[in-house]
Amino acid sequence: MSVTTSRSILSEGNAAALAALRAALGGDSSVSTRELDRMALAVDASHYLHAPDAVMRAKSPTDVGVAMRVAAEMGWPLTFRGGGTSLSGQALSEGLTVDVRRHFRGMEILDGGLRVRVQPGLTIAQVNGALARHGRKLGPDPASSIACTIGGMIANNSSGMTCGTTANAYRTIDSMTIALPSGTVVDTASPQADDILRTHEPTLVEVLERLRDTLRGDKYRADIERRYAIKNTMGYGINSFLDFDTPAKILEHLMIGSEGTLGFVAEAVFNTVPVPKRTATGLLMFDSLDAATEALPKLVYSGADVVELIDAASIRAMGPDASSVLPKGFNVDQHASLLVEYQAMDDEGIAEHIATGEATFEQLDGLSTPPEMTNEASRRAQMWVMRNGLYTKIMRSRPKGTMALLEDIAVPMEQLGGVCTELQVLFDKHNYDGAVIFGHAKNGNIHFLVTEDFAGPESLNRYDQFTEDMVELVLREQGTLKAEHGTGRIMSPFVHRQYGDDLYQAMVDVKNACDPKRILNPGTIITDDPQLHLKHIKPTDPVRQIIDDCVECGYCEPVCPSQHVTTTPRQRIVIQRAIAACEATGAYDLAERLKEQEVYDVVQTCAVDGMCLTACPVKINTGDLIRAKRRETQNETLDKGWKVAAEHWDMVLRGASLGMTTTHALPTTPLRGALGLARKALSEDIVPTLTSELPGGGKVRKPQTVPNPDAIFMPACVGTMFGTEHACGTGVGGAVRELAAYAGLRLSTPAGVQELCCGTPWKSKGLAKGYEVMKDKLTSWIIQHTHHGRIPLVCDNVSCTEGIIVALKNAGVEGITVMDATEWVATYVAPVLPPLAKARKAAVHPTCSSTHLGVNDALMMLAGLVADEAIIPDGWRCCAFAGDRGLLHEELTATATHDEARSVKHLDADLFLSCNRTCELGMTRTTGHTYVHVLEELAARVADRAGTR
């Protein structure tokens with residue numbers, strides 16, 4: 001038995017099928033066989049890898065229908081791809097991968113939030129963000145909600161911590177529009193849905209009605225009811241035949257959990273659930289795992305909405321995160337924890353739950369510490385550190401070169417303790433040191449994780465034998481091998497064993513009736529290969545220290561500015577691993593092609609905004625990877641030129657300001673044409689393009705020293721490069737000084753400021769020589785004038801504030817307080833301001849830097865001083881203007897801001913505010929509304945109130 005991979009060698013693909021698909025689409029460019037595109041979608045969050053023959057970025061349901069028809073005609077495997085958070089390997093393709101995320105992001109709130117119509121490309125978190133203003137949310141609440149798409153939620157019948165079997169996708173679906181491989185499209189909400197199926201799919205209807213009548217008989221009913229009384233996503237949801245009568249409704253519910261093997265769900269309508277307004281969380285530490293599981297029935301019957309189990313190995317693997325929650329000095333031995341939560345809609349309800357919960361806690365045996373229950377938000381958040389992102393936190397501590405295998409089972413809740421004990425016996429038997437158990441204990445649903453290196457036959461045999469033992473254990477206890485992660489290739493060889501001949505045959509009949517050519521996601525759910533779960537395993541060799549902790553979970557993707565134009569952070573990492581694997585196996589030509597293709601897709605269009613860091617449970621900043629690659633491949637002449645610029649920055653800034661003023665006065669079209677020729681002749685990553693919203697140059701910075709200042713003020717050089725036309729007339733630098741003067745605070749800008757920059761332009765571009773020059777100039781100036789930190793430093797553009805903090809850190813300088821002007825004004829000026837005349841509504845654009853620095857609350861507070869209502873629009877993310885990325889690659893900012901701009905269009909706002917000049921320019925370009933710094937607007941209104949303007 002051998003480990004097979006497909007990373008180092010890409011197949012030639014199905015040329016005939018490709019030609020047929022392109023012909024059917026009229027030569028549409030949405031189909032790609034380029035190596036980078038194929039490798040980028042060759043992985044999901046599982047331990048499998050399979051590169052497709054081609055990738056199709058479907059733009060409409062019609063495109064999907066054409067692809068399914070051609071695939072059926074040509075016998076070409078086809079797999080739909082959404083978020084790819086799958087831990088079971090069901091998002092991989094053997095032929096054509098159809099990406100239904102990029103162009104399927106529509107949403108409509110219905111009935112005041114009671115229902116929502118969604119397309120498959122939106123994530124659960126995005127939909128819940130829009131529903132929040134109505135006090136509603138989707139029922140399913142998987143831990144991957146930030147990245148799990150609606151398509152994936154449907155495909156896997158996702159559940160989570162609270163929804164159990166009552167509010168999952170199966171129970172909350174209202175209707176859906178289904179496209180079958182034959183080309184039939186049916187909206188299950190239509191009164192004609194059954195007639196359409198009878199007319200166009202008579203064989204399918206015959207199968208559905210025959211199975212309905214058969215499975216409702218005494219021979220099968222009780223068995224099916226038992227199997228689906230617990231969380232169960234193994235195989236198809238044949239409980240649909242018991243729960244629903246008509247072919248359309250049965251088919252609709254069979255689609256839930258079908259993992260893209262029966263058809264395509266073009267859109268779905270869900271019934272939503274209320275968001276609890278009051279919550280209390282309890283943390284219980286037990287002497288042992290047995291003691292924790294023995295407590296489950298009492299806690300569940302007390303009405304707990306959440307009961308999460310965390311074993312000792314999980315707690316230890318969390319390291320410092322756990323020590324911040326547990327009692328000081330607590331040493332974890334064989335302990336286990338239960339995180340318990342009660343929810344209610346009002347104070348009276350939560351008080352009743354707390355009383356019940358505390359009374360229940362007193363009845364429990366085996367507690368190691370006094371139980372704790374709180375509804376205080378900060379402490380609750382601290383407790384949830386014990387559980388949130390646990391999978392990836394554990395993965396971070398795995399041995400180098402190993403892959404984590406996360407299984408997902410459920411048994412009747414009363415039997416969970418015994419199963420956990422026997423699992424630990426299996427861990428020891430197969431030498432899986434460090435294996436962990438955690439999960440949704442309320443539902444008898446646990447996850448267990450082991451690490452394997454798959455270095456050769458020995459490790460694969462161990463994994464195979466462990467799997468066999470685990471399957472025998474779970475099925476003996478009348479459990480399911482998959483509770484919420486979907487069947488996937490990891491468990492499809494065991495579906496027959498779990499259900500027996502008759503029920504498995506019913507599933508085969510469903511598959512054959514919907515997809516008679518078996519072209520949709522073959523191998524997932526139904527397979528004839530008993531060893532499928534042992535094939536196409538990912539390599540696990542370390543590549544770069546920056547990225548080696550990545551588990552390819554995909555959490556980073558929804559916050560990435562370039563996700564809908566080129567690649568995502570996960571895909572950037574996947575490409576690095578693919579290149580390394582190619583070089584390790586001698587596929588040097590393929591490695592070189594990937595390197596050529598990654599220049600634009602991976603390197604140039606990364607905004608290095610670091611927002612991936614905010615979403616990554618193991619805190620990987622893919623921007624660090626890209627900066628390293630830029631530095632390694634940087635042109636020596638360019639590096640030297642930017643070093644000279646760093647040495648004479650005042651002169652460069654004056655020239656840039658004059659240049660912007662000159663070009664601002666010129667006709668845009670001829671200028672863009674000239675720059676376009678220069679971009680082609682030199683480089684599109686060096687020569688910028690200019691657009692009509694760009695202003696003229698700003699005022700040159702000048703020293704303004706005062707004795708005994710309250711802070712040292714460093715206006716950002718971006719204010720010199722890009723002026724402002726705001727009514728305050730002074731730019732943000734002047735606005736900060738005016739606000740300080742109103743509050744009686746003294747700001748001093750010492751000599752030498754003209755030559756300074758935060759250093760971000762050099763660092764982001766990988767210009768090491770120039771960055772060292774500017775970093776040294778900057779840190780010396782700051783140390784001198786803040787008197788080694790006795791006086792704080794304030795900067796007026798938040799990305800520059802972040803750049804200053806990073807520069808000081810890189811220089812090894814500590815003890816200096818650096819504050820962004822928004823935070824400084826919110827803290828020291830806002831409390832003394834008089835009531836101001838306010839606009840009606842403001843659209844506010846936080847930035848990546850304001851998010852990293854934690855000053856968004858200050859930004860929103862200041863926005864609330866100038867507008868009655870301050871709103872962050874739906875679809876907000878980093879604008880990707882990224883200093884100069886928006887000037888070099890307009891398409892990057894356009895796609896990054898697309899969703900937010902659409903929301904702004906319907907917001908009917910009077911003001912458009914942010915806290916960084918280049919971000920303001922990017923949002924102005926994309927929305928057509930003029931964005932200004934919140935402090936400029938605040939200063940203008942203060943001046944109007946005081947009658948000084």
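These numbers come from the heavy atoms of this one structure, side chains and all, not from hydrogens, waters or symmetry mates. All values derive from a computational prediction rather than experimental measurement.
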Least distance between heavy atoms, Cys919 atom then His845 atom
CB-CD2, 4.2 Å
At their closest point, which heavy atom of Ser562 faces which heavy atom of Arg572, and how far apart are they?
OG-NH2, 2.9 Å
Answer with yes or no whether the side chains of [Y] and [X] bring together a donor and an acceptor at under 3.5 Å.
X	Y	answer
Ser32	Asp37	yes
Thr851	Asn856	yes
Thr926	Thr897	yes
Glu598	Gln576	yes
Arg570	Thr85	no

Any Lys/Arg nitrogen of Asp899 or Arg877 sitting under 4.0 Å from an Asp/Glu carboxylate oxygen of the other?
yes
Using 4.0 Å as the upper bound for N to carboxylate O, is an ion pair formed by Asp908 and Arg840?
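Judged by the 4.0 Å cut-off on N to carboxylate O distance, Arg840 and Asp908 do form a salt bridge.
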Side-chain ([X]) to main-chain ([Y]) donor-acceptor, under 3.5 angstrom:
X	Y	result
Thr566	Thr605	no
Thr924	Thr930	no
Arg701	Leu756	yes
Asp63	Lys59	yes
Asn797	Ser799	no
Thr730	Ala735	yes
Lys629	Val603	no
Glu755	Trp649	yes
Thr847	Ser850	yes
His929	Met923	no

Stepwise salt bridge (Lys or Arg N to Asp or Glu O under 4.0 Å) test for Asp685 and Lys765:
CA-CA 10 Å; Asp685 204 51; Lys765 292 174 177 292; 6.0 Å; no
Verify side-chain contact (heavy atoms from CB on, under 4.5 Å) between Lys763 and Asn810, making sure each step is shown before the conclusion.
CA-CA 11 Å; Lys763 179 169 63 70; Asn810 289 340; 4.2 Å; yes
Who are the salt bridge (Lys or Arg N to Asp or Glu O under 4.0 Å) partners of Asp820, not counting sequence neighbours?
none
Check residues 857-869 and write down every donor-acceptor pair under 3.5 Å in which the side-chain atom is one partner and the other belongs to a residue at least two apart or another chain.
none

Could you tell me if the side chain of [Y] sits less than 4.5 Å from the side chain of [X], heavy atoms only?
X	Y	answer
Ile804	Leu778	yes
Tyr555	Cys616	no
Glu937	Val934	no
Arg925	Glu920	no
Val599	Gln604	yes
Val844	Ile871	no
Thr749	Pro715	yes
Thr622	Cys606	no

The test is salt bridge (Lys or Arg N to Asp or Glu O under 4.0 Å); show your working for Asp99 and Arg57 and say whether it passes.
CA-CA 5 Å; Asp99 185 330; Arg57 309 283 187 187; 2.4 Å; yes
Please list, chain by chain and in numerical order, all residues satisfying side chain to side chain contact (heavy atoms under 4.5 Å, CB included) with Ile546, sequence neighbours excluded.
Asp624, Leu625, Ala628
Between Leu853 and Val798, is the side-chain contact (heavy atoms from CB on, under 4.5 Å) condition met? List the steps.
CA-CA 8 Å; Leu853 295 184; Val798 72; 4.0 Å; yes
Would Arg885 and Asp609 count as a salt bridge (Lys or Arg N to Asp or Glu O under 4.0 Å) if you check the C-alpha gap in whole Å, the side-chain angles of each, and the deciding distance to 0.1 Å?
CA-CA 11 Å; Arg885 290 295 99 182; Asp609 60 314; over 6 Å; no
Residue pair Thr689, Leu887: steps toward the side-chain contact (heavy atoms from CB on, under 4.5 Å) verdict
CA-CA 5 Å; Thr689 183; Leu887 299 177; 5.6 Å; no
Are His889 and Tyr600 near enough that their ring centres are under 6.0 Å apart?
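Here the rings of Tyr600 and His889 have centres that are less than 6.0 Å from each other.
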Pair Phe713-Val736, side-chain contact (heavy atoms from CB on, under 4.5 Å): steps then yes or no
CA-CA 9 Å; Phe713 179 45; Val736 173; 3.8 Å; yes
Please check if atom NZ in Lys619 has more than 12 non-hydrogen atoms from other residues, nucleotides or ligands closer than 6.0 Å.
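Result for NZ/Lys619: enclosed.
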